[in-house]
Amino acid sequence: MTSIFSSAPIRLDQHGEVLGQRFSSYLAPTLKEAPAEAEIVSHKLMIRAGLIRRLAAGIYNYLPLGLRSLRKVERIIRGEMNRFGAREVLLPAVQPAELWKQSGRWEKYGPELLRFKDRHERDFVYGPTHEEVITDLVKREVRSFRDLPLNLFQIQTKFRDEIRPRFGLMRGREFIMKDAYSFDVDDAAAELSYQAMYEAYQNIFKRCGLKFAAVEAHSGAIGGNYSHEFMVLADSGEDAIAFCPACSRAANLEKATSVYPLTPGPTNAPLIKKHTPNCRHVPELARFLGVEEATIIKSLLFLANGQEPVLALIPGHREINLVKLKDALDGQEPVLASPEQAEKIMGVPMGFVTPVGAKVKILADLGLQRLKSGVAGAGEKDYHYLNAEVNRDFQVHAFMDLATVAPGDPCAKCGAPLTIRRGIEVGHVFKLGTMYSQALGATFMGPDGQESPLVMGCYGVGLGRTLAASVEQNHDADGIIWPMALAPFQVALLPLQTQNPAVAEATASLFDQLTSLGLEVLLDDRDERPGLKFKDADLLGLPLRVTISEKSLAKGEVELKNRADRTVSMSPLNQAAQQLQDLVKAMLSPM
RNA sequence: CGGGAUGUGGCGCAGCCUGGGUAGCGCACCUGAAUGGGGUUCAGGGGGUCGCUGGUUCAAAUCCAGUCAUCCCGACCA
């Protein structure tokens with residue numbers, strides 16, 4: 001049936017952007033139940049509220065409401081990038097393989113890189129990131145130090161063929177990213193560019209209304225030597241962050257360091273071979289011998305890049321961190337040896353591998369320096385050594401930080417106990433140095449006539465993930481609670497008795513006033529019962545709700561409700577628009 | 001990639017194992033009526049090659065094989 005509001009126009013602003021929209025014709029399909037595939041709250045709510053729909057694993061449609069919020073994130077990001085002097089460009093998503101071969105990432109990037117051939121059998125990739133393309137562009141166009149510094153950004157769809165896409169927009173394969181790249185004459189200048197982006201990111205996530213932390217991070221596949229991640233704090237986050245409450249150091253668990261407690265073993269004690277039947281794992285062995293797990297030296301056999309065997313030693317009460325180990329191997333991927341490989345290389349079953357007399361490269365965690373000696377495999381089934389002493393019974397090639405930090409471990413900087421919380425990585429800033437400019441030959445001429453490689457930085461924000469993170473942080477049992485800055489519309493306008501002429505008239509008038517003031521309004525013009533409209537309004541989570549009913553109208557009033565704190569107030573019909581404008585303004589200003 | 005599970009109308013599910021025989025329920029959708037401040041009620045209606053392919057059988061959603069898709073866990077505890 002045609003709503004009596006069907007004549008109410010969709011309101012556009014002077015740029016043609018939609019200010020006011022009618023619910024009935026907006027493709028905002030709300031659901032009572034979320035699809036079974038949705039696991040976390042943001043994914044469920046974004047589907048139920050009609051923001052997104054899945055097309056394939058890790059690939060999503062944005063519906064009108066979802067796109068509006070996405071655009072808000074985009075606008076905030078663009079504004080801060082512009083403010084900090086970055087210039088917007090748009091690079092192609094499809095890139096020739098040659099560039100990736102030049103940078104070395106054609107081999108290095110792995111199966112996450114989506115590769116394909118064109119009709120001429122030429123290799124292409126769908127860009128997961130754009131260091132190669134941007135460096136190539138800048139290499140061609142920038143010659144002189146006079147052109148620097150330069151910071152270029154784009155907002156564009158990327159594709160990474162993730163091992164395991166999940167959680168809706170949180171870890172999609174196709175996703176929208178803002179990526180920026182800075183080019184400077186030297187490290188000091190690059191540091192300034194980095195600081196500027198760091199500050200821009202602080203602003204971006206503050207304006208998005210997120211609770212976040214900037215943490216020291218590992219550089220990962222992008223490469224480079226220094227980076228911070230911007231983490232939105234949420235229990236459903238995929239990353240763990242170690243926080244020091246005392247010195248306020250925050251670091252990704254892959255980067256966090258601690259001086260974990262352990263009791264040093266004796267020195268100059270005799271090496272004893274002991275029968276240890278049925279002790280395949282550390283806890284069993286500790287129980288059998290009546291020793292702390294910390295005094296057991298775990299010997300883990302890895303194959304660097306699946307080839308060269310490497311023995312990694314670590315105290316029994318800590319876990320090895322593969323990312324740290326990879327760094328210790330100069331970027332070679334450590335692959336845990338299979339039982340068969342271990343037995344072939346070391347001559348004993350797993351669990352009894354020994355560093356004593358081992359002919360392979362040995363890397364030991366820093367903690368072993370403090371441990372001095374401990375229990376180690378004896379290189380024979382069902383036997384372990386007691387008092388195996390570092391530097392006496394076996395030599396290590398290097399002591400490196402290999403252990404994963406555990407909650408309560410003393411901070412490596414100040415000694416205070418670390419806490420571990422979970423976070424969602426929404427932004428990442430890197431100092432790249434010259435690795436890409438050197439590989440691709442991007443140089444500039446300095447004032448002294450010398451040619452040098454450009455010093456680069458790169459800076460990314462996941463837009464969809466930022467949106468999902470916001471929902472993850474801002475919701476209740478009834479639905480989403482958008483911060484004003486990201487809400488698809490600022491005001492929900494709910495006429496309760498759509499057939500009542502007075503209600504209809506007041507609604508149309510208020511819709512006009514609000515949109516004339518520049519407010520964004522979603523008018524629920526559906527001829528539905530009040531309960532359903534309230535439920536949907538809560539689900540969509542627009543920050544302000546205006547209810548117009550026969551009852552309130554009889555007193556010349558409308559009802560205003562705040563979605564976040566659920567406070568209700570009555571407002572005279574002729575003042576409601578002004579009052580709402582003030583509220584929106586107040587809720588938009590940074591807290 | 002390894003392990004586990006699931007695939008039945010737009011969404012959520014039952015039916016399968018354990019008796020192979022006209023495909024069901026709730027929500028949503030359409031029509032009508034009533035209702036009208038927190039997912040309203042009644043009546044009527046439309047919509048499904050039961051993921052796909054093959055096999056067994058007189059007969060397959062159901063049994064068998066393969067395949068595709070989706071989700072979960074893991075891919076580090078020697």
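Every heavy atom of this structure was used, including side-chain atoms; hydrogens, water molecules and symmetry mates were not. We name chains A, B, ... by the order of the sequence lines, and we start the count at 1 in each one.
- Every residue two or more places apart in sequence or in another chain was checked for a ring-ring contact (aromatic ring centres under 6.0 Å, His included) with A:Phe394, and none qualifies.
- Distance noted for atom C1' between B:rG51 and B:rA5: 16 Å (whole Å).
- The nearest whole Å value for the distance from the NZ atom in A:Lys44 to the P atom in B:rC72 is 11 Å.
- Within the nucleic acid shown, A:Ile314 has no heavy atom closer than 4.0 Å to any nucleic acid atom.
- For B:rC71, the paired nucleotide is B:rG4, the pair qualifying as Watson-Crick or G-U wobble because both relevant distances are below 3.5 Å.
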Can you give me the N/O atom pairs linking the protein to nucleotides 35-39 of chain B at distances under 3.5 Å, or say none if there are none?
{"from": "B:rU35", "atom 1": "O2'", "to": "A:Arg529", "atom 2": "NH1", "distance (Å)": "3.4"}
{"from": "B:rU35", "atom 1": "O2", "to": "A:Arg529", "atom 2": "NH1", "distance (Å)": "2.4"}
{"from": "B:rG36", "atom 1": "N2", "to": "A:Asp527", "atom 2": "OD1", "distance (Å)": "3.1"}
{"from": "B:rG36", "atom 1": "N2", "to": "A:Glu528", "atom 2": "O", "distance (Å)": "3.4"}
{"from": "B:rG37", "atom 1": "O6", "to": "A:Ser549", "atom 2": "OG", "distance (Å)": "2.2"}
{"from": "B:rG37", "atom 1": "N1", "to": "A:Glu559", "atom 2": "OE1", "distance (Å)": "3.2"}
{"from": "B:rG37", "atom 1": "N2", "to": "A:Glu559", "atom 2": "OE1", "distance (Å)": "2.4"}
{"from": "B:rG37", "atom 1": "N2", "to": "A:Glu559", "atom 2": "OE2", "distance (Å)": "3.2"}
{"from": "B:rG38", "atom 1": "O6", "to": "A:Arg545", "atom 2": "NH1", "distance (Å)": "3.2"}
{"from": "B:rG38", "atom 1": "O6", "to": "A:Arg545", "atom 2": "NH2", "distance (Å)": "3.2"}
{"from": "B:rG38", "atom 1": "O6", "to": "A:Lys561", "atom 2": "NZ", "distance (Å)": "3.0"}
{"from": "B:rG38", "atom 1": "N1", "to": "A:Asp538", "atom 2": "OD2", "distance (Å)": "3.2"}
{"from": "B:rG38", "atom 1": "N2", "to": "A:Asp538", "atom 2": "OD2", "distance (Å)": "2.2"}
{"from": "B:rG39", "atom 1": "O2'", "to": "A:Lys32", "atom 2": "NZ", "distance (Å)": "3.1"}
{"from": "B:rG39", "atom 1": "O6", "to": "A:Arg48", "atom 2": "NH2", "distance (Å)": "2.9"}
{"from": "B:rG39", "atom 1": "N2", "to": "A:Asp536", "atom 2": "OD1", "distance (Å)": "3.1"}

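- Residue A:Phe302 contributes atom CZ, which lies 12 Å from atom P of B:rA75 at whole-angstrom precision.
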For residues 293-301 of chain A, which side-chain donor-acceptor pairs fall under 3.5 Å, sequence neighbours excluded?
{"from": "A:Thr295", "atom 1": "OG1", "to": "A:Glu292", "atom 2": "O", "distance (Å)": "2.8"}
{"from": "A:Lys298", "atom 1": "NZ", "to": "A:Arg318", "atom 2": "O", "distance (Å)": "3.0"}

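- Separation of the C1' atoms belonging to B:rG46 and B:rA75 is 49 Å when rounded to the nearest angstrom.
- Across residues 283-290 of chain A, not one residue has a non-hydrogen atom less than 4.0 Å from an atom of RNA chain B.
- Annotation: of the two residues near RNA chain B, A:His384 and A:Ala34, the 5′-most nearest-nucleotide partner is A:Ala34.
- In this structure, A:Glu39 places its CD atom 17 Å from P of B:rA5, rounding to the nearest Å.
- With rounding to whole Å, A:Glu238 atom CD is found 15 Å from B:rA75 atom C1'.
- Atom name C1', nucleotides B:rU22 and B:rC50: the rounded distance is 15 Å, in whole Å.
- The distance between the ring centers of A:Phe489 and A:Phe23 does not fall below 6.0 angstrom.
- Going from the P atom of B:rG12 to that of B:rU6 covers 16 Å, rounded to whole Å.
- Crowding of A:Arg166 atom CZ: a count of heavy atoms from other residues, nucleotides or ligands under 6.0 Å exceeding 12.
- Partners of A:Asp123 according to the side-chain hydrogen bond (donor to acceptor under 3.5 Å, both in side chains) rule, which considers only residues two or more places apart in sequence or in another chain, are A:Lys117.
- Take A:Asp478 and apply the side-chain contact (heavy atoms from CB on, under 4.5 Å) test, not counting sequence neighbours, and it matches A:Asp476, A:Lys535, A:Asp538, A:Arg563, A:Arg566.
- A cation-pi arrangement is not found for A:Arg115 relative to A:Trp100, the charged atom failing to lie both closer than 6.0 Å to the ring centre and inside a 45° cone about the ring normal.
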Measure all distances between protein nitrogen or oxygen atoms and nitrogen or oxygen atoms of nucleotides 68-70 of chain B, and list the pairs falling under 3.5 Å.
{"from": "B:rU70", "atom 1": "OP1", "to": "A:Ala57", "atom 2": "N", "distance (Å)": "3.0"}

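- Atom name C1', nucleotides B:rA14 and B:rG9: the rounded distance is 15 Å, in whole Å.
- When Watson-Crick and G-U wobble pairs are counted only if both distances are under 3.5 Å, B:rC13 pairs with B:rG24.
- Counting non-hydrogen atoms under 4.0 angstrom, A:Ala38 reaches nothing in the nucleic acid.
- Taking a pair to require two hydrogen-bonding distances under 3.5 Å in either a Watson-Crick or a G-U wobble arrangement, B:rA65 pairs with B:rU53.
- Between A:Ala242 and A:Leu253, the shortest heavy-atom contact is CB-CD1, 4.4 Å.
- For the side chain to side chain donor-acceptor pair (under 3.5 Å) condition, the pairs that include at least one residue of residues 47-58 of chain A, sequence neighbours left out, are A:Glu37-A:Arg54.
- Using N1 to N3 plus N6-O4 or O6-N4 for Watson-Crick, or N1-O2 and O6-N3 for G-U wobble, each under 3.5 Å, B:rG46 pairs with nothing.
- Using a 4.0 Å heavy-atom cutoff across all strands shown, A:Ile47 reaches no nucleic acid atom at all.
- Not counting sequence neighbours, A:Lys44 has no partner by the side-chain hydrogen bond (donor to acceptor under 3.5 Å, both in side chains) test.
- Contact annotation for A:Val282: backbone-only contact, meaning every heavy-atom pair under 4.0 Å involves sugar-phosphate atoms and none involves a base.
- Note: CG (A:Asp401) to C1' (B:rC76) measures 15 Å, nearest angstrom.
- For the C1' atom pair drawn from B:rG20 and B:rA43, the interatomic distance equals 37 Å after rounding to whole Å.
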Can you list, pair by pair, the side-chain donor-acceptor contacts under 3.5 Å of residues 351-363 of chain A, counting residues two or more places apart and other chains?
{"from": "A:Thr354", "atom 1": "OG1", "to": "A:Val356", "atom 2": "N", "distance (Å)": "3.0"}
{"from": "A:Thr354", "atom 1": "OG1", "to": "A:Gly377", "atom 2": "O", "distance (Å)": "2.7"}

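- Atom C1' of B:rA23 sits at a distance of 8 Å from the matching atom of B:rA61, rounded to the whole Å.
- Pair assignment for B:rA33: B:rU41, on the basis of Watson-Crick or G-U wobble contacts that are both within less than 3.5 Å.
- Listed by chain and residue number, A:Arg171 satisfy the side-chain hydrogen bond (donor to acceptor under 3.5 Å, both in side chains) test with A:Glu162 (two or more places apart in sequence, or in another chain).
- Listed by chain and number, the residues in a side-chain hydrogen bond (donor to acceptor under 3.5 Å, both in side chains) with A:Asp365 are A:Tyr260 (sequence neighbours excluded).
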